[in-house]
Amino acid sequence: MKAKKIYSIILTAVLAVGMMAGCGKEASDNKGSKSEESGVTELTFYNADLQEDDPWTDPVAEALTKATGVKLKTDHPVGEDKQKISLMIAEQKFPDIIYAKGDAGSLIDAGVLIDMTDLIEQYGPNIKKMYGDEFDKLKYSKDDPSIYQLCSYDMGGTKFEDAGTAQVQFNVLKENDYQIPKSLEEFEKMIKDYLAAHPKTEDGMDNIGFSLSASDWHWMITLGNPAGYIAEGAPDNGQWLVDENGNAKFKFTSEKVREYFKWMNRMYNQGILDSEFATQTHDDYIAKIASGRVLALFDTMWDYQDGEKILKQDGKLGQTYCGLPLGMDENVKVPTMMYQGLATGQGVGITTACENPEAAIKFLDYLCSDEGQVLVNWGIKDVNYKVDENGRRYREQEEIDASANDKNYAKTTGVSFHSYPFPRYGVGMMDSTGNSYRTDSKEDVLAKYNEEQKAACKAWDVELLLDIFPQQDEFETPDFPPLWALSKPVEFDEIGNKLDEISQSQLVACVTAKESDFDATYDKMLKELVDSGMNDAADMLTDIIKDKIEVLK
C-alpha cells in the first residue's frame with residue numbers, strides 16, 4: 001500500500017477526532033500580516049521542539065526584526081501534544097513557517113510544505129553559501145528533488161566539547177588517579193570502588209552508581225542511544241545500525257547491544273543502577289543530578305546540563321561530570337567526534353498557507369548570513385560580546401560564566417535562543433573575518449574550564465578534554481544523512497513508532513528482570529519486534545538510505 005493512501009486513511013480518522021473535539025484549542029493564525037509597527041511583517045511559526053512561550057521580546061529577537069522587518073509569533077506543543085501536526089492537517093490550519101521535527105514527512109505527503117528551490121535561487125544567496133558542497137543533500141529524494149526544509153542541525157564543523165558516551169563525576173575520576181576506563185568492566189570497577197569508599201554524600205544522602213531517565217521519550221537518549229555507541233561504536237542513526245553496503249537493521253537485534261543490556265541488568269540487580277531509573281520523571285532525574293548523588297550517567301550534555309548548572313552554582317564542581325570515550329571493550333572506536341554529514345530531514349519549512357513566502361525566505365536567508373549568524377550566536381555587540389583592536393570577537397569572563405552557569409541565560413538574553421531550529425554553521429566554522437561563527441570555539445571552551453576540568457587536562461597532558469577521544473579525521477563521513485533526522489513515509493513511521501513503544505517497555509523489563517530471566521525476556525522482546533513489522537521497516541529504511549546515496553551521485 002502506498003504511503004499517501006495510508007496517510008489519507010489516517011487523516012480521515014484524525015479529522016473525525018478534530019470535529020468531535022469541537023472547541024479545542026485552535027491553531028495559530030496562518031496569515032503573515034503587517035503589524036501596527038510600520039513595515040514589520042508578522043509571520044506565524046510553529047516550533048515542535050519548544051516547550052515554553054517565546055514572546056519575541058528579548059534583545060536578539062528585537063534585533064532580528066530590525067534587520068529583517070519580520071517578527072515571529074511562535075506556537076509550540078502543550079504538554080504531550082503529539083497530535084498537533086495531524087490536527088493541523090485535518091483542520092487545514094497551518095502557520096507560515098514550521099519546524100515539525102520528526103513529523104515533517106506527514107506535511108510533505110499532505111502537500112503542505114512548498115518547494116523552496118526557486119525562492120532560494122532568487123532570494124537565498126546566504127543559504128546557498130552556508131550549505132555549499134552539501135546543498136544537494138537538502139533535496140528530498142531522487143524522484144522528488146524538491147527542497148522542503150532547511151536543515152536544523154550544524155552545517156560542517158567539529159567539536160570542542162561533548163559529553164561522550166558516558167559521564168562520570170570528577171571526584172570519581174580523581175579517586176581513580178584519572179585512569180580512563182577502557183571497558184565496561186573497568187568503568188564498573190571505578191563506580192563500585194567509589195561507592196564502597198563513599199556510600200553517602202557530604203550532605204548524608206545515599207550515593208547512586210548511575211541513573212537513567214527512561215519514563216518518557218528521554219529513554220531514547222539515556223537507555224537506547226548509548227547502547228549503539230558503546231557496544232557497536234556506531235554513530236547516531238536513531239534505533240538503527242547501517243552496514244558498509246547501506247543495509248539497515250534494528251539496533252536491539254545486535255548481539256553486542258544485547259550484551260550491553262545484559263551488563264545493565266547485572267548493574268540493576270547489584271544496586272549500582274538507580275532502582276527508580278524507569279519510573280522517575282525527568283525532573284526527578286535532574287533533581288538527583290543537582291543533588292550530587294549520581295556518580296555517573298549515560299546521557300548527552302544538553303539533556304543533563306540543567307542539573308549540572310545547579311551543582312556549579314553551589315560550588316560542587318567535583319560532583320559535575322566529565323565525558324568519557326567509553327566503549328564495551330578496547331576494540332570499540334567511540335564515534336563521538338565523527339561528522340555524519342548534514343542531518344537533513346528535520347528542519348524549517350514554509351507552508352502553503354504563507355501569503356508572503358518571499359518575506360519568509362528572506363528572513364531565513366538573513367539567519368544564514370554572517371551578520372545573522374553572529375547575532376543569534378553571539379548576541380548584541382558591546383553588550384554580550386566585544387571586538388578588540390585586531391577585529392577579534394570576544395566575551396568577557398562575566399558573560400562566559402553567565403552563559404555556562406545561568407540556566408535562564410539564553411531565554412533572557414536571546415543569545416543562542418534563536419539559533420535552533422534554524423540553519424546554523426557548525427562549531428569551529430569561521431566567517432570572512434576569521435572569527436568563529438559560534439561562541440563555543442576552542443578558546444571559549446578553554447576559557448570556561450573550571451578547576452576540575454583543568455586538573456583532568458593536566459593529568460592527561462592534553463589541551464582539551466576531547467583530546468582523549470578518537471578524532472574526527474579518523475572517521476569517514478557517511479554517504480547518507482543521520483537516519484534519526486530523515487523524513488520517512490507514514491507507513492514506516494507507523495511501524496517505527498510501534499517498535500519504539502515495544503523497545504522502551506521491553507528494554508526496561510530486560511534491565512529489571514532477574515539475571516536468570518534476562519535472556520528469555522530479551523528473546524520475547526525480539527519476537528515482538530519481528531511480529532510488529534521490524535523486518536519490513538528495515539527493508540524500507542534500506543531503500544531510503546540507498547535513494548539518498550543516489551541523490552548525491
Side-chain angles (χ1 to χ4, degrees), residues 2-4 6-8 10-11 30 32 43-49 72 84-86 88-89 92-124 126-128 130-132 134-153 155 341-365 367-368 420-424 480-493 540-541 543-545 547-552:
K2 298 293 185 182
K4 291 189 177 181
I6 293 178
Y7 184 78
S8 66
I10 297 171
L11 179 57
N30 65 345
L43 297 176
T44 53
F45 172 49
Y46 177 76
N47 183 349
D49 234 9
L72 296 188
K84 187 79 171 182
I85 301 297
S86 297
M88 282 184 191
I89 298 170
Q92 290 293 288
K93 291 183 178 180
F94 309 105
D96 298 303
I97 306 173
I98 190 166
Y99 173 62
K101 202 173 182 179
D103 290 325
S106 298
L107 295 173
I108 293 169
D109 284 346
V112 175
L113 298 183
I114 69 171
D115 178 4
M116 295 185 285
T117 303
D118 291 341
L119 286 170
I120 293 171
E121 191 63 34
Q122 187 171 0
Y123 302 110
N126 294 300
I127 294 172
K128 295 179 73 173
M130 174 179 281
Y131 290 115
E134 296 198 76
F135 182 78
D136 284 346
K137 290 184 178 180
L138 296 173
K139 296 177 180 178
Y140 186 60
S141 70
K142 185 178 180 182
D143 294 334
D144 180 5
S146 302
I147 297 176
Y148 294 115
Q149 302 177 96
L150 301 182
C151 180
S152 289
Y153 301 98
M155 169 58 219
L342 194 63
T344 57
Q346 294 188 14
V348 173
I350 302 171
T351 75
T352 53
C354 183
E355 293 186 341
N356 196 344
E358 292 84 3
I361 201 70
K362 288 177 181 179
F363 175 77
L364 294 173
D365 187 68
L367 289 174
C368 294
Y420 172 85
F422 298 106
R424 58 184 179 179
F480 55 90
L483 301 189
W484 53 265
L486 283 180
S487 295
K488 306 172 188 70
V490 172
E491 54 193 314
F492 176 88
D493 285 339
M540 281 189 275
L541 190 55
D543 289 341
I544 292 170
I545 293 168
D547 180 89
K548 286 295 181 182
I549 294 172
E550 284 293 318
V551 168
L552 301 175

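Distance check, rounded to the nearest 0.5 Å: OG1 of T44 to NZ of K93 gives 12.5 Å. Interatomic distance, E355 CD to L43 CG, rounded to the nearest 0.5 Å: 10.5 Å. The structure places CG of L113 at 5.5 Å from CD1 of I108, a figure rounded to the nearest 0.5 Å. Note: Q122 CD to M116 CE = 15.0 Å, rounded to the nearest 0.5 Å.
With sequence neighbours left out, the salt bridge (charged side-chain N to carboxylate O under 4.0 Å, His left out) criterion links D49 to K101. Listed by chain and number, the residues in a salt bridge (charged side-chain N to carboxylate O under 4.0 Å, His left out) with E358 amount to none (sequence neighbours excluded). Take Y123 and apply the ring-ring contact (aromatic ring centres under 6.0 Å, His included) test, not counting sequence neighbours, and it matches no residue.
Note on ring orientation: taking the six-membered ring where Trp is involved, the planes of F363 and F422 are perpendicular (angle over 60°, cut-offs 30° and 60°).
A donor-acceptor distance shorter than 3.5 angstrom exists from the side chain of Y131 to the backbone of C151, with no hydrogens or angles considered. Remark: the backbone N or O of L138 is not paired with any side-chain donor or acceptor of Q149 at under 3.5 angstrom.
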Dump the intermediate steps for side-chain contact (heavy atoms from CB on, under 4.5 Å) on D115 and Y140, then the final yes or no.
CA-CA 10 Å; D115 178 4; Y140 186 60; over 6 Å; no

Using side-chain contact (heavy atoms from CB on, under 4.5 Å), reason through I549 and I545 one step at a time and then give a plain yes or no.
CA-CA 6 Å; I549 294 172; I545 293 168; 4.1 Å; yes

Between I85 and L107, is the side-chain contact (heavy atoms from CB on, under 4.5 Å) condition met? List the steps.
CA-CA 8 Å; I85 301 297; L107 295 173; 3.8 Å; yes

From CA spacing to verdict: side-chain contact (heavy atoms from CB on, under 4.5 Å), L486, T344:
CA-CA 6 Å; L486 283 180; T344 57; 4.1 Å; yes

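There is a side-chain donor-acceptor pair under 3.5 Å between D144 and S146.
Proximity of I98 to V112: side-chain heavy atoms (C-beta onward) are nowhere separated by under 4.5 Å.
Within a 6.0 Å radius of CG in D136, more than 12 heavy atoms belonging to other residues, nucleotides or ligands are found.
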